[in-house]
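Structure, as C-alpha cells:
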Amino acid sequence: MARRKIEINVLEGGQKTYTVRHRWEDRPVPPPPDGTQTQYLPFRQEKGRHGRPEWLKAKVPDGPGYREIKQTMRGLKLHTVCEEARCPNIGECWNNRTATFMILGNVCTRSCGFCAVLTGKPQGLDLGEPARVADAVKKMGLRHAVITSVNRDELPDGGASVFAATIRAIREEVPGCAVEVLTPDFKGDREAIRTVMEARPDTFNHNIETVPRLYGAVRPQAKYGRSLEVLRYAKELNPAGLTKSGFMVGLGEVEEEIHQTLRDLREHEVDIVTVGQYLRPTENHLPMSRYYTPKEFAEIKKYALSLGFRHVESGPLVRSSYHAHEQTEDARRATAPA
C-alpha cells in the first residue's frame with residue numbers, strides 16, 4: 001500500500017478526488033493454487049499480438065436512444081454507472097432504453113483496483129435524487145430500473161436509506177416497474193441491508209467481483225466472506241425475491257477458483273450470476289492476465305447451471321446489469337432450485 005502512487009485532484013466546488021496507481025506488487029496476493037507465476041498483458045497492446053480480439057469490440061455509442069437518454073440524465077443532474085465505469089455496452093443498452101442509475105454521487109470512498117469510478121471524499125447527500133431518478137424512469141418508459149451507487153462508508157447507514165427512498169419513489173411514480181438494486185456491502189451492517197430490503201426491491205444484487213485469493217488487490221477494503229453473508233441475509237429477509245451476484249475473469253484467477261466462487265454463491269442462495277471479461281480502464285488500474293474466449297465463457301455457464309442457478313449470464317462483454325430485464329424474467333420462469 002505504501003508504494004502506491006496517489007495524485008490529488010480538485011473538482012469544481014473544491015471536492016477532492018484521488019488518482020491511485022494500482023499495481024500487483026503494491027498489494028501482494030498469494031500465487032495461484034498450482035504455484036505458477038501469473039503473466040500480465042501490457043496496457044498498450046500490439047495489434048495482432050495481444051490486441052483486443054474481435055469478440056470484444058463494441059460499437060462507438062451513438063443513436064437517437066443514446067442521445068435522448070444522455071440528455072435526460074444531464075437535464076435531471078443524474079449519474080449512470082454506464083458512463084462512470086466506462087461500460088462497453090453503453091451504446092447498445094441506451095439505444096434499447098435501459099440504463100443503470102448511480103445514486104449517492106459519483107465519488108466513491110473505496111479504491112478498488114479494477115474500477116474507473118472516482119475515489120475521494122464525497123460531499124453531502126442529495127435528498128432530491130430519489131424523486132429525479134423516478135422522474136427519469138417515467139420519462140424513459142422503463143419496465144425494469146436498475147439502481148446502484150458508489151460506496152459511502154462515511155455515512156452511518158452507507159446510503160441504505162437513499163436506496164430505499166429511490167425504490168419507493170419509483171414504485172409511486174411508475175407502478176408496475178420492476179426495481180433491481182446493486183448495492184455496496186454496507187460494511188456488513190444488517191440494519192442497512194434490512195432498510196433496503198424493507199423497500200422490497202424485486203432483485204437484490206451485490207457483486208462478489210473476483211475470487212477470494214485476489215481480494216487484497218482487487219477489493220482491498222472489502223471482504224469475500226462478508227459479501228457472501230450480505231447476499232445470504234438479503235435472501236433471508238425476502239425469500240421470494242431474487243438475489244444476484246457477479247464477478248470478472250482475466251485478473252489471474254484459475255478454473256478451480258472460478259468453480260469454487262460459483263459454488264460459494266450457490267451455497268449462499270444466489271439465484272442469478274453474471275460473469276464477464278475484466279477490461280483494464282486505464283494504465284492506473286490493475287493489469288489483465290488474459291482474454292477468455294466465448295467458448296470458455298460457455299463452459300463457465302454450463303458449470304454454473306449445473307449448480308442450480310436460475311439464470312447465468314456469461315460472456316466477454318457481460319456486465320452486472322447487461323440484459324437485466326431478461327435475466328429477471330428468465331429467473332422467474334425457472335423452477336426454484338432444490
Side-chain angles (χ1 to χ4, degrees), residues 1-9 16-30 38 40 43 79-88 100 102-122 148-155 158-159 181-189 205-231 244-253 257-258 261 265 274-289 318-322:
M1 294 279 290
R3 290 180 293 163
R4 282 187 301 151
K5 181 180 178 183
I6 300 177
E7 298 174 356
I8 299 177
N9 310 305
K16 289 184 178 180
T17 64
Y18 308 93
T19 300
V20 183
R21 183 173 180 81
H22 299 272
R23 300 179 299 182
W24 287 110
E25 58 266 29
D26 297 333
R27 294 174 175 176
V29 296
T38 304
Y40 293 94
F43 180 65
H79 300 287
T80 67
V81 75
C82 321
E83 296 170 288
E84 304 295 338
R86 306 184 186 186
C87 180
T100 300
M102 190 169 79
I103 61 174
L104 298 169
N106 66 335
V107 177
C108 187
T109 53
R110 300 191 186 181
S111 57
C112 296
F114 65 91
C115 187
V117 175
L118 293 172
T119 294
K121 295 181 178 180
T148 189
S149 79
V150 292
N151 282 274
R152 293 293 300 266
D153 290 328
E154 89 287 4
L155 298 174
V181 294
L182 168 55
T183 76
D185 62 20
F186 300 120
K187 294 184 178 179
D189 182 350
N205 185 2
H206 172 64
N207 283 336
I208 205 76
E209 302 293 10
T210 188
V211 300
R213 178 175 60 85
L214 302 179
Y215 255 58
V218 178
R219 299 186 72 198
Q221 295 107 325
K223 297 177 182 178
Y224 183 76
R226 183 168 70 190
S227 284
L228 288 174
E229 286 305 315
V230 166
L231 289 158
K244 175 178 170 182
S245 191
F247 60 92
M248 305 163 287
V249 293
L251 281 159
E253 67 293 313
E257 291 178 304
I258 293 172
T261 299
L265 291 171
T274 60
V275 185
Q277 173 73 51
Y278 168 61
L279 296 174
R280 191 178 186 183
T282 72
E283 198 167 8
N284 289 324
H285 292 82
L286 289 173
M288 180 172 53
S289 61
V318 166
R319 295 297 180 267
S320 185
S321 302
Y322 189 51

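Positions are given from 1, in the same order as the sequence printed here.
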Identify the heavy atoms of [X] and [Y] that sit nearest to each other, and give their distance.
X: Gly113; Y: His285; answer: O-CB, 3.5 Å
X: Lys121; Y: Val107; answer: N-CG1, 3.9 Å
X: Tyr224; Y: Ile208; answer: CE1-CG1, 3.5 Å
X: Pro184; Y: Asn151; answer: CB-OD1, 3.1 Å
X: Ala222; Y: Arg110; answer: CB-NH1, 4.0 Å
X: Pro122; Y: Gly120; answer: CD-O, 3.4 Å

Rounded distance (nearest 0.5 Å) linking atom [atom1] of [X] with atom [atom2] of [Y]:
X: Leu214; Y: Leu286; atom1: CG; atom2: CG; answer: 9.0 Å
X: Leu228; Y: His206; atom1: CG; atom2: NE2; answer: 8.5 Å
X: Thr109; Y: Gln221; atom1: OG1; atom2: CD; answer: 7.5 Å

Quick one, [X] and [Y] - any side-chain contact, counting heavy atoms below 4.5 Å?
X: Phe43; Y: Asn284; value: no
X: Pro212; Y: Thr261; value: yes
X: Glu253; Y: Met248; value: no
X: Leu155; Y: Phe186; value: no
X: Val211; Y: Phe247; value: no

* Asked: Is there a side chain to side chain contact (heavy atoms under 4.5 Å, CB included) between Asn207 and Asn205 once you walk through the steps?
  -> CA-CA 6 Å; Asn207 283 336; Asn205 185 2; 3.3 Å; yes

* To do: Please name all residues satisfying side-chain hydrogen bond (donor to acceptor under 3.5 Å, both in side chains) with Gln277, sequence neighbours left out, ordered by chain then number.
  =>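 Gln277: no side-chain hydrogen bond (donor to acceptor under 3.5 Å, both in side chains) contacts found.
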
* Partners passing side-chain hydrogen bond (donor to acceptor under 3.5 Å, both in side chains) against Arg213 (at least two apart in sequence or in another chain) ->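 side-chain hydrogen bond (donor to acceptor under 3.5 Å, both in side chains) check on Arg213 returns Glu257.
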
